[in-house]
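Here's the structure, in structure tokens; my notes come after.
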Amino acid sequence: MKSAVILISGRGSNMQALVQAAPGLDFRAVVSNRPAAAGLAWAGGRGIATRVVDHKAHATREAFDAALANAVDEFAPDYLFLAGFMRILTAGFIDRYPRRILNIHPSLLPSFPGLDTHRRAMEAGVKLHGATVHFVTPALDHGPILVQAAVPVLESDTEETLAARVLAQEHRIYPQAARWLAEGRVVFSGADVVQVRGSGVASDWAISPRDPK
Ligand code: GRF
């Protein structure tokens with residue numbers, strides 16, 4: 001069975017979705033850069049090893065990333081899942097795990113990289129918003145896309161209602177991506193394009209790609 005470590009900074013609802021879905025990966029540890037991250041207690045309560053690498057205890061990004069790599073490498077994971085992990089990683093860290101770091105981002109990339117995605121989507125007047133699971137490269141929020149889910153932006157939406165609708169999709173597609181990785185179905189075609197063997201785009205276009213039903 002392939003293994004993974006999950007990196008969090010906060011409540012960890014995506015971490016919970018990953019673990020509870022039991023996608024066929026051995027989740028060996030949860031690592032947080034914030035000692036107070038609520039997700040740590042949840043993971044600990046499930047018997048998953050937890051580690052804290054406090055970014056405030058390190059003077060530079062390089063020093064923090066070196067300590068983070070030490071914490072991760074203790075568990076020798078095949079994959080790293082960033083799940084609400086709010087630190088920008090150095091190229092040195094990312095290059096250590098080529099095509100092995102995944103991130104969930106709350107927008108339809110390449111639109112709205114960075115923070116405050118829901119507010120910015122509403123201000124831009126887009127009619128579709130959503131979430132993206134992608135491989136992490138040194139270009140922030142721009143790595144090869146594995147799966148996306150779209151939701152409508154409603155006239156009645158507030159930032160909070162839109163965020164909640166997107167989060168529900170995050171909790172579907174991140175475990176889906178983990179399952180595809182566990183099954184060995186994720187293939188790169190070229191440097192930037194990812195395909196999932198055996199998946200089709202069915203009539204429900206709101207998630208692409210998806211397993212044929
Ligand atoms: C999610 O919306 C994730 O996409 C973004 O930060 C939020 C983290 O939520 N990067 P949680 O900690 O997984 O609940």
Side-chain angles (χ1 to χ4, degrees), residues 4-23 25 27 29-46 48 50-55 68 72 79-89 93-94 101-124 126 128-153 157-179 181 206-208:
V5 165
I6 304 175
L7 273 55
I8 65 168
S9 297
R11 68 186 164 180
S13 70
N14 277 292
M15 168 203 70
Q16 292 185 30
L18 281 168
V19 171
Q20 285 174 330
L25 290 175
F27 291 110
V30 170
V31 181
S32 172
N33 66 303
R34 290 208 184 107
L40 285 171
W42 186 89
R46 302 278 299 210
I48 300 172
T50 59
R51 297 285 184 274
V52 174
V53 182
D54 189 347
H55 63 277
L68 186 64
V72 166
Y79 295 106
L80 282 66
F81 285 79
L82 311 186
F85 182 70
M86 302 303 284
R87 301 296 298 173
I88 294 174
L89 296 164
F93 182 94
I94 292 165
I101 311 178
L102 283 297
N103 183 41
I104 180 106
H105 182 77
S107 78
L108 292 173
L109 292 174
S111 292
F112 312 117
L115 299 174
D116 297 326
T117 54
H118 309 304
R119 181 179 55 73
R120 289 159 57 211
M122 291 181 72
E123 284 172 2
V126 298
L128 290 172
H129 185 42
T132 302
V133 176
H134 66 97
F135 284 91
V136 173
T137 64
L140 181 68
D141 295 334
H142 272 105
I145 291 171
L146 181 43
V147 56
Q148 292 183 301
V151 303
V153 180
D157 266 331
T158 62
E159 206 178 317
E160 289 71 32
T161 59
L162 182 56
R165 197 176 309 113
V166 171
L167 190 65
Q169 294 304 317
E170 294 182 37
H171 295 165
R172 294 180 66 188
I173 63 173
Y174 218 6
Q176 175 70 84
R179 209 167 290 121
L181 288 166
I207 295 180
S208 180

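Counting starts at 1 for both ligands and their atoms, in listed order.
A donor-acceptor pair under 3.5 Å links the side-chain atoms of S9 to the main chain of M86, judged by distance alone.
Looking at residues two or more places apart in sequence or on another chain, you find a ring pair (Phe, Tyr, Trp, His ring centres under 6.0 Å) between F135 and F188. For the side-chain contact (heavy atoms from CB on, under 4.5 Å) test, residues two or more places apart in sequence or in another chain that qualify with R11 are S13, L167. Shown here are the side-chain contact (heavy atoms from CB on, under 4.5 Å) partners of A149, two or more places apart in sequence or in another chain: Q169, I173, I207.
If you look at ligand 1, the protein residues with a non-hydrogen atom under 4.0 Å away are R11, G12, S13, N14, G84, I104, P106, E170.
Under 3.5 Å, the side chains of H134 and H105 contain no donor-acceptor pair of N or O atoms. Under the 3.5 Å distance criterion, with hydrogens and angles disregarded, no donor-acceptor pair is assigned to the side chains of S208 and Q148.
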